[in-house]
Amino acid sequence: MPKTTDARARIDELVDELNDYSYRYHVLDAPIIDDTAYDTLFRELEQLELEHPELVREDSPTQRVGEKVGGDFPTVVHRTPMLSLANARDLEELEAWQQRNLRMLGVETAAELPDLRYVTEPKIDGLAMSLTYQDGAFVRAVTRGDGTQGEDVTHNVRTIRSVPMRLRTPADGSAIPAFVEVRGEVYLSRSGFERLNEQRIADGQPVFMNPRNAAAGTIRQHDPALAAKRPLGFFAYSLAGGGQDAELPSHHAAMEWLAGVGFRTSPEHRVCDTIAQVHASCQAWAERRPTIDFDIDGVVVKVDEVELQEELGTVGRDPRWAIAWKFAPTTATTRLVKIHVAVGRTGSLTPYAEMEPVEVGGVTVRQANLHNAYDIERKDIREGDVVIVQRAGDVIPQVVGPVVDARDGSERRFVVPTECPSCHTPVHYEADEAILRCPNSQCPERNLRLMEHFAGRTAMDIDGLGEKAVRRFAQEGLVARIPDIYRLDERADEIAALSGFGETSARNLATSIEESKQRTLDKLLFGLGIRHVGEQVGIDLARRFRSIDAIVDASIEELEAVPGLGSVIAHSVHAWAQDEGNRTMVRELQDLGVRTALADEELAGPATEGPLVGKAVVVTGTLGTMSRSEAGALIERHGGRVVGSVSGTTDYLVAGEKAGSKLAKAEQLGTEVLTERALYDLVGEPAPDGALG
Ligand code: IVH
């Protein structure tokens, strides 16, 4: 056992080192060691502290989770009140706000005040918290409460890894004031929220409605061990008292100071010279909103100069020098009229809600996805319920949950269907799935969906055969299954006679149907809607087997042997090929002149030279100048191999707009992420106008 002096030195070393690793991980987002190495050092520290309890430092990372606290949390009066914010919704209201301020400051135009600048920062949807530090050490965390006094929740806030236990020395070496009060937002990331809810479902506990509620619920717990398990974060957005104590002249200087002493500050706060710039920044945040991992409900605009802030002062509870640009609300309540069940192209039965029309996030919503019967039961959503509807950006509207208090007893529980609403075939759950499926490959609704998909731009690309046209033709008895599309030429007169069609569009349709017969095998395979066969798997299968006949005859083993194809896909393709209806369909398509084999030179595979030889690349999201398959062709021309999903062996992820889970996965794995422009740079081709990034 080390002597006490040695132990003290080692403990000091470990605490400093571990705190620094934690700071780099939780505040800077730039870890420098892996979790196992961290844990090893952490355990060494725990052991030493056990042997020398008198040497335990207050800022030791082992001290974040303390004892349970009992009873009500003590009330603490805020030194300076925690204010709220007035709102602005559009450019006009922002300009009116500036005009009022200019008047207060005794000028007519902003040009007369060259020092007037603004800072914009995201308005994080969490809960406001005041943190106090005495001589650089964290002493207390208090909720906003009514703005004048809040509750002491130090025991829980101490568990938040991005809250420093001891302030760092600023880069300029200046002293830290004896008393520092930092304000900011405690929040839960969206991914953390989803993980938490999954765990709660597994444990049979009720789910949280949104990240904000989950964060608030966590902060109210008596046992800090609970809070420690939930991935709460903290963003600092102000130094209470405007930073005078640290002699900081502006809000952005205060933010820099806060970052320097160890806080994670409002991400990407921006200094703007004009209201027009402020407005542009607000709109940029509104666009980014769906892509970031934490909820924001607006943008906070602050007058930057502390002197001007003081001159403007407050009115009631709102500072005049700050305003919240609020996004259109993304949730609303409405009545759920009925639960319907939609049949998808793979036979999936998905319940959806028909609702009384309601405006959410700027659009009128009448329907929302309900995912599956299990989800409806879990959230206890009933027909006739008043429900909370959520919509963010382009995301499909969701029913968050019922307003249970609004029930009058007339609500009806959803009855899980036992048969397909379209063809009445008994439906069943497939192993490990929460989705019911109609197994009938001849199901009318399923075939309708399949035809829509088949004709889609990324599949057989038949111009003029969109969702509406398919439904219309089906109603008129012109098509029921995919092969019927290639028999439409015999019924050109009937099509031309349909209202809204006419001869020209009938002729154009006939031309694009004829052209589609020559699409490559990968497009056809993707278009046939075989489960788990996306665009990339279509290419992988086409490349390996080169004809549909070879695929239909392939054994599971042969399918599993295709690079990039796992057992799930192999089984799915095999099952599809065993279905008599599908085999008939393939023969019909061949008889009707649809090409079902690759020509020699087609889909030759990656070039053998080029900057991407040996590299596995995934493409995701919407690119600016090309489709994903065109991007795939570009990658292969330069030697790269295109793969469908991100894994440890992926070299690059090319991410366009609305890149979702693949981007998150790549970030998690540390895979290099390329913009469209960076891809062009990498392969040495000039990026056309409109390339992203
Ligand atoms: S500044 C005087 N900045 O919004 C300034 N508040 O209505 C008052 N909030 O509950 C707060 N993000 O917790 C400020 N970047 C940000 C913020 C922010 C979220 C919350 C704050 C308060 C509410 C103000």
Side-chain angles (χ1 to χ4, degrees), residues 78-89 93 97 101 118-131 141-151 153 157 160 162-163 181-189 210-213 215-216 219 232-244 248 250-259 263-272 278 281-282 284-286 288-289 292-306 308-327 329-330:
H78 296 298
R79 277 211 186 185
T80 40
M82 288 185 81
L83 302 172
S84 52
L85 291 170
N87 294 335
R89 273 165 314 177
E93 291 185 4
W97 171 66
N101 284 344
Y118 300 99
V119 175
T120 55
E121 49 193 56
K123 186 167 186 301
I124 296 136
D125 202 6
L127 56 152
M129 195 66 64
S130 149
L131 311 180
V142 183
T143 62
R144 176 172 185 274
D146 62 6
T148 308
Q149 54 182 45
E151 286 175 314
V153 289
V157 172
I160 303 175
S162 47
V163 169
E181 181 180 353
V182 177
R183 289 175 179 177
E185 203 81 353
V186 168
Y187 73 101
L188 188 62
S189 67
N210 55 44
R212 207 197 101 78
N213 287 350
I219 284 299
L232 293 175
F234 179 79
F235 280 123
Y237 57 63
S238 85
L239 200 50
Q244 300 95 318
L248 298 164
S250 64
H251 175 64
H252 87 266
M255 298 288 272
E256 274 160 30
W257 188 85
L258 284 168
F263 287 94
R264 175 180 270 253
T265 51
S266 287
E268 294 181 39
H269 49 277
R270 186 166 306 155
V271 182
C272 301
V278 166
S281 165
C282 292
W285 273 110
R288 280 193 56 190
R289 185 185 193 191
I292 50 181
D293 194 29
F294 48 89
D295 280 350
I296 60 178
D297 57 352
V299 178
V300 185
V301 185
K302 299 173 181 172
V303 169
D304 193 26
E305 287 66 28
V306 171
L308 293 178
Q309 288 180 359
E310 283 169 356
E311 231 176 292
L312 286 165
T314 60
V315 47
R317 300 214 136 262
D318 304 337
R320 287 198 189 81
W321 49 268
I323 198 160
W325 163 283
K326 283 292 204 84
F327 299 142
T330 53

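Both counts, for ligands and for their atoms, begin at 1 and track the order of listing.
When only non-hydrogen protein atoms are considered, atom 5 (C) of ligand 1 lies nearest to Leu85 CD2, 3.9 Å. Nearest protein heavy-atom neighbour of atom 3 (N) of ligand 1: Lys302 NZ, 3.0 Å. At the top of the distance list for atom 12 (N) of ligand 1, counting protein heavy atoms only, stands Ile124 N, 3.1 Å. Annotation: atom 15 (N) of ligand 1 to nearest protein heavy atom, Glu121 OE2, 2.8 Å. The protein non-hydrogen atom at the shortest distance from atom 6 (N) of ligand 1 is Tyr237 CZ, 3.5 Å. In this structure, atom 23 (C) of ligand 1 lies nearest to the protein heavy atom Lys123 NZ, 3.8 Å.
Salt-bridge formation is not detected for the pair Arg144/Glu151: no Lys NZ or Arg NE/NH1/NH2 atom is positioned less than 4.0 Å from an Asp or Glu carboxylate oxygen. Remark: Lys302 engages Glu121 in a salt bridge, criterion side-chain N to carboxylate O under 4.0 Å.
In terms of N/O distances under 3.5 Å, ligand 1 is not approached by Trp321. Among the atoms of Ala322, none of the N or O lies under 3.5 angstrom from an N or O of ligand 1. By the 3.5 Å distance cut-off applied to N or O atoms, Leu127 is not counted among the residues near ligand 1. Taking distance alone, with nitrogen or oxygen atoms compared against 3.5 Å, Pro122 approaches ligand 1 more closely than that limit.
Side-chain N or O atoms of Gln309 include one that pairs as donor or acceptor with a backbone N or O of Val303 at under 3.5 Å.
Here the side chains of Leu131 and Phe263 are in contact, with some heavy-atom distance below 4.5 Å. Using a 4.5 Å heavy-atom cutoff, the side chains of Thr148 and His78 are not in contact. Under the 4.5 Å side-chain criterion, counting only non-hydrogen atoms from C-beta, Lys326 is in contact with Lys123.
For the pair Pro319 and ligand 1, a heavy-atom separation below 4.0 Å is found.
The Ala128 neighbourhood of ligand 1 comprises atoms 10 (O), 13 (O), with distances under 4.0 Å to a heavy atom of that residue. Of all atoms in ligand 1, listed by their number and element, those nearer than 4.0 Å to a heavy atom of Ser266 are 15 (N). The atoms of ligand 1 that sit less than 4.0 Å from any heavy atom of Ser84 are 7 (O).
Between the OG1 atom in Thr265 and the OH atom in Tyr237 there is a gap of 13.5 Å [rounded to 0.5 Å]. Between Ile296 atom CD1 and Asp125 atom CG the span is 9.5 Å, to the nearest 0.5 Å.
For an aromatic pair to be called close, the ring centres must be under 6.0 Å apart, and Tyr118 with Trp97 satisfies this. Close placement of the Phe294 and Phe235 rings is indicated, their centers lying within 6.0 Å of each other.
Within the 4.0 Å heavy-atom criterion, the part of Glu185 lying near ligand 1 is the side chain and not the backbone.
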